[in-house]
There are 2 protein chains.
Amino acid sequence: MPHDATAYEDPRGMVLTIGQLAATAGVTVRTVRHYHHVGLLPEPERDASGYRRYSAQAAVDLIRIRTLADAGVPLARIDALLHARPTEFAAAITGIDAELQRKIDQLTEYRSRIAELASGERLVLPPEVVAILDRMRALGISEQRVRLERDAWILMQALDPHVMPQRIRDKNAAFDDPETRRLYLAVDQSVDWPPNDPRLDRLIEDLDTWETTHEQDTAQQPGYLRLVSSRISETSPSWQRIVAALTHRAEQRRRS
Amino acid sequence: MPHDATAYEDPRGMVLTIGQLAATAGVTVRTVRHYHHVGLLPEPERDASGYRRYSAQAAVDLIRIRTLADAGVPLARIDALLHARPTEFAAAITGIDAELQRKIDQLTEYRSRIAELASGERLVLPPEVVAILDRMRALGISEQRVRLERDAWILMQALDPHVMPQRIRDKNAAFDDPETRRLYLAVDQSVDWPPNDPRLDRLIEDLDTWETTHEQDTAQQPGYLRLVSSRISETSPSWQRIVAALTHRAEQRRRS
DNA sequence: GTCCAACCCTGACGTAGGGGCAGGGTCAAC
DNA sequence: GTTGACCCTGCCCCTACGTCAGGGTTGGAC
């Protein structure tokens, strides 16, 4: 059978091989076959050796598909879109464009959040609470104690979020009072005192007075705060003594 | 077994259920379980009924994971990242941030490409070629003919890209010549003449003269352009006659 | 005390958009 | 005549979960 020197013989413009088509559109061969598989791009005819042969129109179609796919449109939607009438198509394009803008805004926000990853709590807690924790640090309270406080706020946020605003006000007011600040710091420093240190007796006395004047009742606290108390106890024997003594005195007051 | 009114009894701060934890971090319950499955978040202990119970620290960990995951970091990489030392972590964060910026730029470009989707060829062909096609339209050449021309350019780009610049210059020079413009238009208008129309004889004569003066040889063209010729032939009987006549005359000149 | 919704559990399969083999045929050039 | 770059089909793998199915638990209302 005589042969005509050139490979471009098919009478209907089917000249590109799958590799040439893919390169033209900037995709992989696998991608083109995938689009055939899902019916997004029609299967072209085959040449004598079973190779797919594509027309220039296929290149246009493929690039239109990629343009939409790159913009994040699911393949299933693209199929419908390509067969839509111009008005509907234009409407869809407008929507997709808005979606893209939304994604850009999202990414911009993620970018700024990424920058804050170094410090753990800023991401988890509202800024007012972060300010309170920073205030504790500025007072000289240990990081260990601040972390316990942070956990209390996280649990509160998860379990009892509606009390947050009031608690934030209360806590800030408390730290405006010099006696409160003094007691916080004293408790913090007592962490490595021995449980029978005489200074502890004095501190417990002061704390009990503070609780009665501030109408705080340890036994009335919600469960998660009692839990935080128990974690405080675990931290050191002296703190365990403080928590136990205050709880005991509060119970006694309740009975009377 | 007596019970204590509140559910927060575990001594080690394991208080949140999986749903509460998920809500705190803004993810689904399924996502948390998935992270356990892939070992990204450690499995917490279970309460008496087999429910998972989480600490506040788990919330911090989960939100850190999500912050990275939202930024597009694969889960497999997050695992390593969370255990990295601060300097390495900071370096990785910088890289991720750059990657995010790149994505934002990408999306911005996709946005502008989406806007051009209405017209097919702008995405596929370089602007110089689009200008040529627009020039043909401005001359009054039919859209059918322009599309054939467009396909020729697409095939050229895919199969023979290095000749593009020269072809672009040639084509623009050709359209600077009034006689060339006249002939293009005349051929275009002849599309629905009968093949035996006497005006066709005159037109073929003019085209042959043009070919010889412009040193164009139809038989020397690359295969894909011959193919486009064959598609032109298919469009109408009169065009078929033109192509056949010109090919025949070119052959005769070659033999002599 | 019992009913109901809203939780929780495990396990298994489905999804998009391909990647990456295996195992084989074809084409063009040297 | 062989080498390297293509092409073919078919099948399993991947990520980051979603979505059943089929059950147990909890907490509050009646």
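Naming: A, B, ... by sequence-line order, numbering from 1 per chain.
Map A/Leu75 and B/Glu43 each onto its nearest nucleotide of DNA chain C; the residue landing nearer the 5' end is B/Glu43. Where B/Val73 and B/Tyr51 meet DNA chain D, the nucleotide closest to each residue was compared, and B/Val73 sits on the side nearer the 5' end. Taking for each of A/Thr17 and B/His34 the nucleotide of DNA chain D with the nearest heavy atom, the 5'-most of the two is the partner of A/Thr17.
An OP1 or OP2 oxygen of D/dA16 is reached within less than 4.0 angstrom by no side-chain nitrogen or oxygen of B/Arg66. Contact annotation: B/Thr28 side-chain N/O to D/dC17 OP1/OP2 distance is not under 4.0 Å. The side chain of B/Arg30 contributes no N or O atom lying less than 4.0 Å from OP1 or OP2 of C/dG11.
Nearest to the side chain of B/Arg46, among C/dC9, D/dC17, C/dG18, sits C/dC9. Closest to the side chain of B/Ser49, out of D/dT25, C/dT10, D/dC17, is D/dT25.
Nearest heavy-atom pair across A/Arg33 and A/Ile18 is CG-CD1, 3.5 Å.
Rounded to whole Å, atom C1' of D/dG10 lies 11 Å from atom CZ of A/Arg33. Rounded to whole angstrom, the span from the NE2 atom of A/His36 across to the P atom of C/dG17 amounts to 17 Å. Whole-Å rounding puts the B/Ile18 CD1 to D/dT25 P distance at 17 Å.
A/Arg64 forms a cation-pi arrangement with A/Phe89, by the criterion of a distance under 6.0 Å to the ring centre and an angle within 45° of the ring axis.
Side-chain contact annotation: A/Gln101 with A/Asp97, donor-acceptor N/O pair under 3.5 Å absent.
No hydrogens or angles were tested; on distance alone, nothing pairs the side chain of A/Tyr35 with the base of C/dG18 as donor and acceptor under 3.5 Å.
Within the 4.0 angstrom heavy-atom criterion, only backbone atoms of the sugar-phosphate kind lie near B/Arg52; the bases stay farther away.
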